[in-house]
**Q** 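The structure is given below, and queries will be raised subsequently.
A, B, ... follow the sequence lines: proteins, then strands. Residue 1 opens every chain.
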Amino acid sequence: MAADGEVKWEKVLWRTQPFPDNYVPDSFLDKLRKNTNFRPYSFRGLVLAACAITQHLSTIFIFISVFVRLNDSTLDPRVLVWVTVATHVLGSIVWDVAERPFYEKHERRANRAKAVKSSLMVFLALIGLSPVLKTLTAATSSDSIWALSAGLFVINALLADYREPASVPRKEGLISVLSMNAAISASVVLASRLPTNLSVFALMLLSIQLFALFPILRKRIQAVPAVLHFTFTVCIATASVWSMHSLSPFVASLFAGTLLFVTFGGPGLLMWAQQYKNEIRGPWDVAVPRVRPDT
Amino acid sequence: MKHKIAMIADFFHPVVGGVENHIYMLACNLMRRGHKVIVVTHSHPPDRVGVRWLVPGLKVYHIPFPTIASSATLPNYFTFLPYLRTILLREHITIVHGHAGLSSLAQEAILHAHLMHVRTVFTDHSLFGFDDAASILTNKLLAGALRNVDAVICVSHTGRENTVLRGALEPSVAHVIPSAIIADQFKPPVVPPDTSTINIVVLSRLTYRKGVDLLVATIPLICERYPFVRFLIGGDGPKLIELLQMRERHLLHDRVELLGHVRPTDVCNVLNRAHVYLNTSLTEAFGIGILEAACAGLCIVSTRVGGVPEALPPDMISFAWPEQDDVVRALGEGIRRVKAGRHDPQLAHDRVRTFYNWTQVAERTEVVYQSVVESVERTLWERLTRTRRLGTFAGLIYACIMLVDCLFFAVLEWLIPRDSLDYVSEEWDAARVQQYLNQARSHQSATEGGESAT
């Protein structure tokens, strides 16, 4: 009790206080904290993070446009094989350069030998398999194949791993493996529609490049300076839109719109939605126990 | 003024727990003060079905709804109305009192009650966060249910702040009335346990929220530092395995005794074996376990979370932040205090006895009931506009539910007219029962006496 005879309200339950049970003290909700761990996104950062999605969508559309050309026989499969081999070599060099700070010299040499060996293995296996793949879905109607491959590509795009590369290397999750498998399956069913063994082989080679190897390389590219990263994204997106354009200007413009939305519209929406962020913390939250890891 | 109250909750006997016990004790004490109380809960097939009576004359209606998880029924908004209408009308109920935030029966009863012009009170027993999907959903359901409630009761000031935020309530609607304990059930032992070994007791469900990780990290350090200390751990749960592993790894089989599940009737016996009560909970609305231990004369060490700091005066409890080193420090203080004989169990018991009792809880609840009955009832239009303002989408959904509810109620009025109901005309009267009992006894002894004479 205070000196002037006025009773002060206290936040206790064990003492009966001369206040009604629904008395609202001045200190009501004074422990409430809003948005304590809130750190606003920057538009630049969001756009850079969205670049991974743009790149992935672009690769899918590059693949589809190549398939359509092979199917129409407007693209010589031999050219495609050479281009693919060339990009593979180029990609390996980029990878090697990017790996430089992480490994010792002798380690890199061993890695390089391993990479060459497995590349050759895959190359030969695909040559051997392409006659089989060509007739794999001969009994299935083309309509089913288009629907199936479209579904698989959607799964691939949804499940792909777009995260920033971690500072500590982490294991590939089940989700990204599923994503890759969906894309390869889509390529297999599409390849089985093609007219010649060589075109099947060329398309499968491209598919391995784009859906198995490129995502790994993409992780490395995400770590390079932002300007380079962004320029690369613009290049690959332009290439995919351009390759679609000669097939169907309408689809190409739709696709270009989608890419623009993913790269700039999505981050813009998130920036706008940030003003509604209202994270409430208070004494009722479940505390996080602090325990030393060694015990 | 005497009220006719229906306590409605998914959580009630035969399940044992804090909410269940609270409802039962509150109901008994309100009955003792002359009010009529019934309980409506879901059934527990095969044997707890239909209408049952509990000592001392508490009528329990078991609604045949299946439960989905941890004794809670699925929210479905309409199927409860036929049961509720019949029960409220035939029992002449004037106040519906729902309990527990996750109890859909309670929430639905509060939504339906206005159709029968029955007033509503809601008691929230737990704390919830705001940041995970489950909380977001259940908080929205709660806000919808409590939009037109007449009064809310919370068990601690922290709980009140939490409920006001979750239910988007006016602060003055929410009252704080703590739970209570029966002090006679938790007496310190006549002969205090010997202090040559100090027993530390932990009684809780062994789950993450109860801070078992802290406990596992603390026990080896305490055992190493104080060779005269033993741990008694009562309770069961998914984290039991971690305690077992810790005991194995640090070879503490003779120092850490795991009692498994402790029945409510045995709690006092376990408490009476120990000197210090340790609570490592990470969230706690009120902490009835702490009160029970304090009442049994134990020295209390607890993490400073939720409503725990409000429950006891600061000189009766040692607080620690939920950090390993701080728990070790606070526990060490407690151990040294008991060891030095500076903790008086009987004094602690006598003090706690004056803090909390059920009569007081019933009195304070009565005041809430009275204010609710005296307040002006909201009209249907007012309810509808208030519900509509709940949110762009949620408001619309809840308004639709409310309108359909009204239509359903009109159909029920036609289908089961009020004059066809089997109204309760005789109430349970403890005094009259006692009188009949006495009559029967005297009659029996008279005839027995007569027989022996012949």
Side-chain angles (χ1 to χ4, degrees), chain A residues 1-2 6-41 158-159 163 173 175 269-295, chain B residues 127-131 151-153 155-162 164-165 171-178 208-209 211 213-214 216-218 220-221 280-283 285-286 291 303-307 309-313 316 321-326 351-352 354-356 360 364 367-368 371:
Chain A
M1 204 172 276
E6 203 178 303
V7 186
K8 280 236 336 145
W9 182 88
E10 278 180 86
K11 197 176 177 178
V12 293
L13 298 168
W14 52 273
R15 183 165 43 210
T16 332
Q17 304 188 63
F19 292 96
D21 286 330
N22 64 343
Y23 174 74
V24 183
D26 295 334
S27 63
F28 192 69
L29 287 180
D30 64 347
K31 294 260 175 61
L32 178 72
R33 299 278 174 271
K34 278 191 176 177
N35 295 345
T36 42
N37 302 328
F38 175 58
R39 109 191 115 75
Y41 293 117
L158 286 180
L159 297 185
R163 290 175 299 179
I175 299 292
L269 267 178
L270 193 55
M271 289 295 287
W272 169 78
Q274 259 188 131
Q275 57 180 305
Y276 297 109
K277 177 91 177 167
N278 184 16
E279 187 195 289
I280 305 172
R281 300 233 156 253
W284 49 79
D285 280 318
V286 179
V288 181
R290 289 240 301 265
V291 173
R292 272 184 274 118
D294 53 319
T295 45
Chain B
L127 302 175
F128 287 93
F130 296 89
D131 53 354
V152 172
I153 299 174
V155 291
S156 63
H157 294 292
T158 305
R160 181 192 189 196
E161 293 180 347
N162 185 235
V164 163
L165 287 174
S172 63
V173 171
H175 301 66
V176 178
I177 302 178
Y208 172 77
R209 288 167 72 94
D213 298 288
L214 272 179
V216 166
T218 313
L221 293 179
T280 52
S281 215
L282 303 179
T283 176
F286 179 56
L291 283 193
T303 42
R304 188 185 281 279
V305 292
E310 302 165 28
L312 285 172
M316 288 189 72
W321 296 107
E323 296 162 10
Q324 183 184 7
D325 296 331
D326 211 40
R351 287 181 73 188
V352 174
T354 62
F355 295 159
Y356 298 100
Q360 201 189 30
R364 289 164 75 172
V367 173
V368 176
S371 71

**Q** Please classify the contact of B/I177 with chain A as side chain, backbone, both or neither, using a heavy-atom distance under 4.5 Å.
**A**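 It is the side chain, since no backbone atom gets that close.
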**Q** With respect to chain A, which residue among B/V305, B/D325, B/V367 yields the maximal number of heavy-atom pairs within a distance under 4.5 Å?
**A**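 Looking at each of B/V305, B/D325, B/V367 in turn, B/D325 comes out on top.
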**Q** Go through B/L127, B/L214, B/L282 and name the one with the most non-hydrogen pairs under 4.5 angstrom from chain A.
**A**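 The candidate making the most pairs under 4.5 Å is B/L282.
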**Q** Does the pair A/E279 and B/F130 meet the rule for a side chain to side chain contact (heavy atoms under 4.5 Å, CB included), with working shown?
**A** CA-CA 8 Å; A/E279 187 195 289; B/F130 296 89; over 6 Å; no
**Q** Let's test your reading of the structure: which of B/P313, B/S281, B/P309, B/S371 forms the most heavy-atom pairs below 4.5 Å with chain A?
**A**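 Heavy-atom pair counts peak at B/P313.
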**Q** Kindly give the heavy-atom pair with the smallest separation between B/A311 and B/F286, and that separation in Å.
**A**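 For B/A311 and B/F286, the tightest heavy-atom pair comes out as CB-O, 4.0 Å.
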**Q** Look at the side chain of A/Q275 and the backbone N and O of A/W272, then say whether any donor-acceptor pair between them is shorter than 3.5 Å.
**A**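 Side chain of A/Q275 to backbone of A/W272, a donor-acceptor pair under 3.5 Å: yes, one is there.
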**Q** Run the side chain to side chain contact (heavy atoms under 4.5 Å, CB included) test on B/L291 and B/L312 for me, step by step, so that the C-alpha distance in whole Å, both residues' side-chain angles and the decisive distance to 0.1 Å come before the verdict.
**A** CA-CA 8 Å; B/L291 283 193; B/L312 285 172; 3.7 Å; yes
**Q** Is any NZ, NE, NH1 or NH2 atom of the basic residue among B/D326 and A/R290 found under 4.0 Å from an Asp or Glu carboxylate oxygen of the other?
**A**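 Here B/D326 does not pair with A/R290 in a salt bridge, since their nearest N and O are not under 4.0 Å apart.
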**Q** If I measure from the heavy atoms of chain A, does B/N162 come under 4.5 Å with its side chain, its backbone, both, or neither?
**A**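 Both the backbone and the side chain of B/N162 come within 4.5 Å of chain A.
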**Q** Verify, without hydrogens or angle tests, whether B/R160 (side chain) and B/V176 (backbone) share a donor-acceptor contact under 3.5 angstrom.
**A**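 No.
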**Q** Distance-only, no hydrogens or angles: does the A/R292 side chain make a donor-acceptor pair with backbone N or O of B/A217 under 3.5 Å?
**A**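 Not at all, since once roles are kept as given, no pair shorter than 3.5 Å links the two residues.
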**Q** Under a 4.5 Å heavy-atom cut-off, does chain A meet the side chain of B/P220, its backbone, both or neither?
**A**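 B/P220 has no heavy atom closer than 4.5 Å to chain A.
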**Q** Under the 3.5 angstrom rule, does the side chain of B/S156 hit a backbone N or O of B/G159 as a donor-acceptor pair?
**A**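 Indeed, once roles are kept as given, a pair shorter than 3.5 Å links the two residues.
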**Q** Where on B/F128 is there a heavy atom nearer than 4.5 Å to chain A: the side chain, the backbone, both, or neither?
**A**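 Answer is backbone: N, CA, C or O of B/F128 sit under 4.5 Å from chain A.
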**Q** Go through B/G306, B/A285, B/G211, B/S172 and name the one with the most non-hydrogen pairs under 4.5 angstrom from chain A.
**A**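 Highest number of heavy-atom pairs under 4.5 Å: B/S172.
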**Q** Sequence neighbours left out, what passes side-chain hydrogen bond (donor to acceptor under 3.5 Å, both in side chains) with B/T280? Give chain and number order.
**A**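 Checked B/T280 against side-chain hydrogen bond (donor to acceptor under 3.5 Å, both in side chains); zero matches.
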**Q** Contact part of B/V164 toward chain A, heavy-atom cut-off under 4.5 Å: side chain, backbone, both or neither?
**A**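 For B/V164, the side chain is the part near chain A, not the backbone.
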**Q** Tabulate, in ascending numerical order, the residues of residues 11-23 of chain A having at least one heavy atom closer than 4.5 Å to a heavy atom of chain B, or enter 'none'.
**A**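 A/K11, A/V12, A/L13, A/W14, A/T16, A/D21, A/N22, A/Y23, listed by number.
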**Q** Between B/V173, B/L165, B/D213, who has the most heavy-atom pairs with chain A when the cutoff is under 4.5 Å?
**A**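 Highest number of heavy-atom pairs under 4.5 Å: B/L165.
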**Q** Between A/Y41 (side chain only) and A/Q274 (backbone N and O only), is there a donor and an acceptor less than 3.5 Å apart?
**A**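 No: the side chain of A/Y41 does not pair with the backbone of A/Q274.
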**Q** Take A/L32 and B/E161, measure what side chain to side chain contact (heavy atoms under 4.5 Å, CB included) needs, and give me the verdict at the end.
**A** CA-CA 9 Å; A/L32 178 72; B/E161 293 180 347; over 6 Å; no
